[in-house]
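One structure below.
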Number of protein chains: 2
Amino acid sequence: MAVRGRPRGFDVEAALDRAVEVFWRQGYDGASLTDLTEAMGINRTSMYAAFGNKEQLFHRAVARYAEADMAYAREALAEPTAYAVIQSFLRANADALTRPDRPSGCLSVQGGLAEGGDSGRIARFLADSRLAGEHALAQRLARAVEEGDLPAGTDPHALARYVMVVSEGNAVHAAAGATRAALHTTVDIALQAVPRPHAQVSA
Amino acid sequence: MAVRGRPRGFDVEAALDRAVEVFWRQGYDGASLTDLTEAMGINRTSMYAAFGNKEQLFHRAVARYAEADMAYAREALAEPTAYAVIQSFLRANADALTRPDRPSGCLSVQGGLAEGGDSGRIARFLADSRLAGEHALAQRLARAVEEGDLPAGTDPHALARYVMVVSEGNAVHAAAGATRAALHTTVDIALQAVPRPHAQVSA
DNA sequence: CGACTTGAGTACCGAGCGGTACAGAAATGG
DNA sequence: CCATTTCTGTACCGCTCGGTACTCAAGTCG
């Protein structure tokens, strides 16, 4: 049975982790195959054999990023109250955006915002993956409204979008070199806008 | 006296406006000289004669953008109260990010977030220009604190940063195709976090 | 041991990049 | 008129891009 042919000489997951860092720091367009393969420690051809092409490598890298570097988002959704979910998410996000051992900011934001040479395929892909996170949060908040954990009449989609906006704005700031403390100060203020169950805010 | 030599065959400002759109939509790296000069309706050489090189053209384009497309920001600073300043800024910003006759989003965000082939010079330049706006807002808010227009103890820099974070997050959303209404809904929520003079919020 | 299968390495492809040399065109100054 | 100055247009530069053809190395099968 075993593997036929010459065995692969490198660890795919480890190589992917290196690729994540390069895409994260330099963006999709800014990361050349030479940059990527040098960081991954493998040959150009090996990369094509293992991942297909640059775009597929990027998809794999984003998936890996979502799984490893954004695990905090899934954990936040498990918090008992809507406020705790949002607070946990924004706090962990601020930390993740400023980890000293990782590039500043967020791969799914600085990976590519504008249409590059690919007519926006990369930007659209990243936008969709961010939107998926927003929807997941909105569903969690909708449950909170049902449970009376958020004031009746609260729009869970709007609140989820607001939370993502704060997260993405912080990502832009982090990419520009803002400190972790600065991001948390912003979260302090942003949390003031989150409705609490006992304080009916709407008109 | 008059102009010596052959007169220029195109309007520099008009050409610059076209360049702004291309950079805005495609980002700095994604906008090729061919894309730019075709949109500007001029020859490659004419562009070099008039602007120097691609990077200098970009600087001119950003300056033009700040002057024309971000005029609302300066106008917002003239509002009488801190709350009115912030509200005016965020409302006009949401509109500007979704103008039907212009690219979605904000040039100074999607122009370049990650380091491209230029080791981050473009990203740093844009970050600095965004920071300049943040400082201007912070100064205006500092005045508001002195005037009792914001609660004593309010950190004007932190509040300015929060406002810019919302603005930049909305820019990311707009670039991803969010509607104008969605952006305004986010502003509705974001404004809840802005302290008012009569409502002391801090502990 | 070969026959076969698969990864690794080199060397290269056409295309597009930013930038420029050079010749010609259109104006002013004498 | 011609010399000078400046802009325009073509045609090209060297370089890097993403991607690949081809050869060799390293394994499993029989």
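Reminder, nothing fancy here: chain letters follow the sequence lines and each chain counts from 1.
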Next item on the list: Could you tell me the separation between the CG atom of A/Asp11 and the P atom of C/dA8, rounded to a whole number of Å?
Entry: 12 Å
Item checked: Interatomic distance, A/Leu57 CG vs D/dC17 P [rounded to whole Å] -> 15 Å
Check: Parallel under 30°, tilted from 30 to 60°, perpendicular over 60°: which one fits the rings of A/Tyr72 and A/Phe89?
Finding: tilted
Margin query: Do B/Lys54 and B/Phe23 form a cation-pi contact, if we require the NZ or CZ to be under 6.0 Å from the six-membered ring centre and within 45 degrees of the ring's axis?
Written below: no
Note to self: Using whole Å, what does the distance between atom C1' of nucleotide D/dC17 and atom CD of A/Glu38 come to?
What the structure shows: 14 Å
Next item on the list: Indicate yes or no: does A/Glu13 engage A/Arg64 in a salt bridge with an N to O separation below 4.0 Å.
Entry: yes
Check: For A/Gln56 and D/dG18, what is the distance between atoms CD and P respectively, to the nearest whole Å?
Finding: 15 Å
Note to self: Using every non-hydrogen atom in the two residues, find where A/Glu168 and B/Gly169 come nearest and quote the distance to one decimal.
What the structure shows: OE1-O, 3.6 Å
Notebook entry, point to check: Would you say the base of D/dT10 and the side-chain of B/Thr45 have a donor-acceptor pair closer than 3.5 Å?
Noted result: yes
Interface polar pairs with nucleotides 15-18 of chain C, N/O, under 3.5 angstrom:
unit_1: C/dC17; atom_1: OP1; unit_2: B/Ser32; atom_2: OG; d: 3.1
unit_1: C/dG18; atom_1: OP1; unit_2: B/Ala31; atom_2: O; d: 3.4
unit_1: C/dG18; atom_1: OP1; unit_2: B/Lys54; atom_2: NZ; d: 2.8
unit_1: C/dG18; atom_1: OP2; unit_2: B/Leu33; atom_2: N; d: 2.6
unit_1: C/dG18; atom_1: N7; unit_2: B/Arg44; atom_2: NH2; d: 2.7

Check: Any ion pair linking B/Arg91 and B/Asp188 (charged N to carboxylate O, less than 4.0 Å)?
Finding: yes
Checklist line | Contact check, side chains of A/Leu159 and A/Asp155, non-hydrogen atoms, under 4.5 Å | finding: no
Margin query: Output the rounded distance in Å from CD (A/Gln26) to C1' (D/dC17).
Written below: 14 Å
Review item, side-chain donor-acceptor pairs of residues 73-87 of chain A, under 3.5 Å, at least two apart:
unit_1: A/Arg74; atom_1: NH1; unit_2: A/Ala66; atom_2: O; d: 3.3
unit_1: A/Arg74; atom_1: NH2; unit_2: A/Glu67; atom_2: O; d: 3.0
unit_1: A/Thr81; atom_1: OG1; unit_2: A/Ala84; atom_2: N; d: 3.0

Check: Rounded to the Å, how far apart are B/Phe51 CZ and D/dT8 P?
Finding: 11 Å
Margin query: Would you compute the distance between atom CD of A/Glu38 and atom CG of A/Asn43 and round it to the nearest 0.5 angstrom?
Written below: 11.0 Å
Just the atom pairs and distances: protein N or O near nucleotides 5-7 of chain D's N or O, under 3.5 Å.
unit_1: D/dT6; atom_1: O2; unit_2: B/Arg6; atom_2: N; d: 3.3
unit_1: D/dC7; atom_1: O4'; unit_2: B/Arg6; atom_2: O; d: 3.3
unit_1: D/dC7; atom_1: O2; unit_2: B/Arg6; atom_2: NH1; d: 3.4

